[in-house]
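Have a look at the structure below before the remarks.
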2 protein chains.
Amino acid sequence: MTALTIAQAAERTGLTAHTLRYYERDGLMLGSVERAGSGHRRYTDQDLTWIQMITRLRATGMPIRDVRRYAALVRAGDGNEAERLALLLAHRRRVEEQLAQITGHLRAIDHKIGIYEGKVGSAG
Amino acid sequence: MTALTIAQAAERTGLTAHTLRYYERDGLMLGSVERAGSGHRRYTDQDLTWIQMITRLRATGMPIRDVRRYAALVRAGDGNEAERLALLLAHRRRVEEQLAQITGHLRAIDHKIGIYEGKVGSAG
DNA sequence: GTCCTGCTTCGAGGGCACTCGAAGTCAAGC
DNA sequence: GCTTGACTTCGAGTGCCCTCGAAGCAGGAC
């Protein structure tokens, strides 16, 4: 088990040390990150895996408070899998709707791009 | 040419009257929206078409300041089509990258969902 | 032993995109 | 002529998500 400093964890996760501390204090982690004797945080592989999950949820637009809710369920342990599933399914539905919307808007923007390419490409 | 009040424009665009005023005062419109004798705004079809374009750009994640830049180019009139094209192409590239990222994350979340569905579906 | 680096906490600050509220005006209805 | 309601302006407030800075401590290099 490798235990990383916050700087190393920041580098591997693509987040900043500030953000990692913020996530922890905001209740997004599964518990308190372990500490060295000096009081410095030590991130385990488990921590990194969980942070990656947070990153995926955040990158797909889940608000911090919902990530917190999900984290609370995972923290609570076995028995609430149905709730976790419902939360993730609701999230997936929203993401897919948003993807469809964005794709539609992008097509319209592409149409506009096509018009400009015609104008710019031709002499006048 | 139908000229709509701000309330009607808000309803058709899905934005609020507050947001329409905010867009105008922030330089996102192509010029000042026309006024009735009373000083009330009157939105033309052209205005609505442009607001739809703003909506598409915003919905695909373009920041307000870039929309403003694009609006300034359109406002300036003929001759800068290459710049407008470059702006839109850069935006499209970013959106496509983001779509790919989101899709990737969504697949990973789906995997997680699959695991929970297995757990919840089975007896234990 | 003092200097540097990297961490710690805490609370404040910042950026973005709205969102709202107060105070005032105007036209229409009764 | 007074009320109502939809509008006007302006500046302040809100919510989200970080992001930063100050002040302090621990451990190693020299």
Side-chain angles (χ1 to χ4, degrees), chain A residues 2-29 32-44 47 51 53-71 91 94-95 98 101-102 105, chain B residues 2-29 31-44 47 51-71 91 94-95 98 101-102 105:
Chain A
T2 40
L4 305 179
T5 66
I6 195 167
Q8 293 166 328
E11 199 194 339
R12 302 228 181 154
T13 59
L15 302 173
T16 68
H18 278 303
T19 301
L20 287 174
R21 288 192 205 98
Y22 162 68
Y23 279 0
E24 184 178 351
R25 112 180 95 146
D26 239 48
L28 268 53
M29 298 299 291
S32 297
V33 173
E34 284 179 35
R35 302 300 179 113
S38 59
H40 292 192
R41 288 172 178 78
R42 291 291 176 262
Y43 287 85
T44 66
D47 290 328
I51 292 167
M53 183 64 184
I54 295 179
T55 300
R56 292 193 192 291
L57 295 174
R58 292 286 304 120
T60 49
M62 182 182 286
I64 291 282
R65 64 176 169 285
D66 290 3
V67 178
R68 182 162 43 232
R69 198 147 34 218
Y70 182 64
H91 179 58
R94 280 191 299 269
V95 174
Q98 206 197 346
Q101 263 205 18
I102 291 177
H105 287 311
Chain B
T2 41
L4 306 178
T5 67
I6 195 166
Q8 293 167 327
E11 200 194 338
R12 303 227 181 153
T13 59
L15 303 173
T16 68
H18 278 303
T19 301
L20 287 174
R21 289 192 204 98
Y22 161 69
Y23 279 0
E24 184 179 349
R25 112 181 97 145
D26 239 48
L28 268 52
M29 298 299 290
S32 296
V33 173
E34 284 179 35
R35 302 299 180 112
S38 59
H40 292 193
R41 288 173 178 79
R42 290 293 174 261
Y43 288 85
T44 66
D47 290 328
I51 292 166
Q52 192 189 26
M53 183 65 184
I54 296 178
T55 300
R56 291 193 193 290
L57 294 174
R58 291 287 305 120
T60 48
M62 182 182 285
I64 291 283
R65 65 178 170 286
D66 291 2
V67 178
R68 183 162 45 232
R69 199 146 33 218
Y70 182 65
H91 179 58
R94 280 192 298 270
V95 174
Q98 205 197 344
Q101 262 205 18
I102 291 177
H105 286 311

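Values in this document were obtained by computation on a predicted structure and should not be read as measured data. Within every chain, numbering begins at 1; the chains are lettered A, B, ... in the order of the sequence lines, protein sequences first and strands thereafter.
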Practice task
Look at all strands and tell whether B:Arg42 reaches a base, only sugar-phosphate, or nothing, counting heavy atoms closer than 4.0 Å.
Solution key: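 Nothing: the residue B:Arg42, judged by heavy atoms under 4.0 Å, touches no strand.
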Within-4.5 Å side-chain heavy-atom neighbours: [X] and [Y]:
| X | Y | value |
| --- | --- | --- |
| A:Tyr22 | A:Leu28 | no |
| A:Tyr23 | A:Arg58 | yes |
| B:Thr44 | B:Asp47 | yes |

Exercise for the section: Applying side-chain hydrogen bond (donor to acceptor under 3.5 Å, both in side chains) between A:Thr60 and each of A:His91, A:Arg94, A:Gln98, report the one that passes. Expected result: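 The side-chain hydrogen bond (donor to acceptor under 3.5 Å, both in side chains) with A:Thr60 is passed solely by A:His91 among A:His91, A:Arg94, A:Gln98.
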Residues which pass side chain to side chain donor-acceptor pair (under 3.5 Å) with [X], listed by chain and number, not counting sequence neighbours:
| X | result |
| --- | --- |
| A:Thr13 | none |
| A:Ser38 | none |
| A:Gln8 | A:Thr5 |

What pairs of nitrogen or oxygen atoms, one from the protein and one from nucleotides 28-30 of chain D, lie under 3.5 Å apart?
none

Handout entry: Qualifying residues under side chain to side chain contact (heavy atoms under 4.5 Å, CB included), relative to A:Thr55, sequence neighbours excluded
Key =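 Side chain to side chain contact (heavy atoms under 4.5 Å, CB included) list for A:Thr55, sorted by chain: A:Leu15, A:Ile51.
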Problem - Residues which pass side chain to side chain contact (heavy atoms under 4.5 Å, CB included) with A:Ala10, listed by chain and number, not counting sequence neighbours - result: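 Residues passing side chain to side chain contact (heavy atoms under 4.5 Å, CB included) with A:Ala10: A:Leu20.
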Tell me every residue that passes salt bridge (Lys or Arg N to Asp or Glu O under 4.0 Å) with [X], counting only those two or more places apart in sequence or in another chain.
| X | result |
| --- | --- |
| B:Arg69 | B:Asp66 |
| B:Arg68 | B:Asp26 |
| A:Arg41 | A:Glu24 |

Handout entry: Strand-adjacent residues in residues 54-63 of chain A, judged by heavy atoms under 4.0 Å from DNA chain C
Key =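 The stretch gives none, as no residue of it lies under 4.0 Å from the strand.
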Exercise for the section: With a 4.0 Å heavy-atom cut-off, tell me which residues in residues 6-23 of chain A come close to DNA chain C, sorted by residue number. Expected result: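 Under 4.0 Å from DNA chain C: A:Ile6, A:Ala7, A:Arg21.
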Practice task
Locate the shortest heavy-atom distance separating B:Ala71 from B:Gly27; write the atom from each residue and the value.
Solution key: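 Of all heavy-atom pairs spanning B:Ala71 and B:Gly27, the closest is CB-O, 4.0 Å.
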Exercise for the section: Could you tell me whether the phosphate oxygens of C:dC16, OP1 or OP2, come under 4.0 Å of any side-chain nitrogen or oxygen in B:Arg65? Expected result: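 B:Arg65 to C:dC16 OP1/OP2: side-chain N or O found under 4.0 Å.
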Exercise for the section: Output yes when at least one side-chain N/O atom of B:Arg68 is less than 4.0 Å from OP1 or OP2 of C:dC16, else no. Expected result: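 No, because none of the side-chain N or O atoms of B:Arg68 sits under 4.0 Å from OP1 or OP2 of C:dC16.
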Exercise for the section: Could you check which of C:dG11, D:dT9, D:dG11 has an atom nearest any side-chain atom of B:Arg41? Expected result: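 When the side chain of B:Arg41 is considered, D:dT9 is the closest of C:dG11, D:dT9, D:dG11.
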Exercise for the section: Starting at the 5' end of nucleotides 24-30 of chain C, put B wherever the base has a protein heavy atom under 4.0 Å, S where only the sugar-phosphate does, and a dash everywhere else. Expected result: --S----
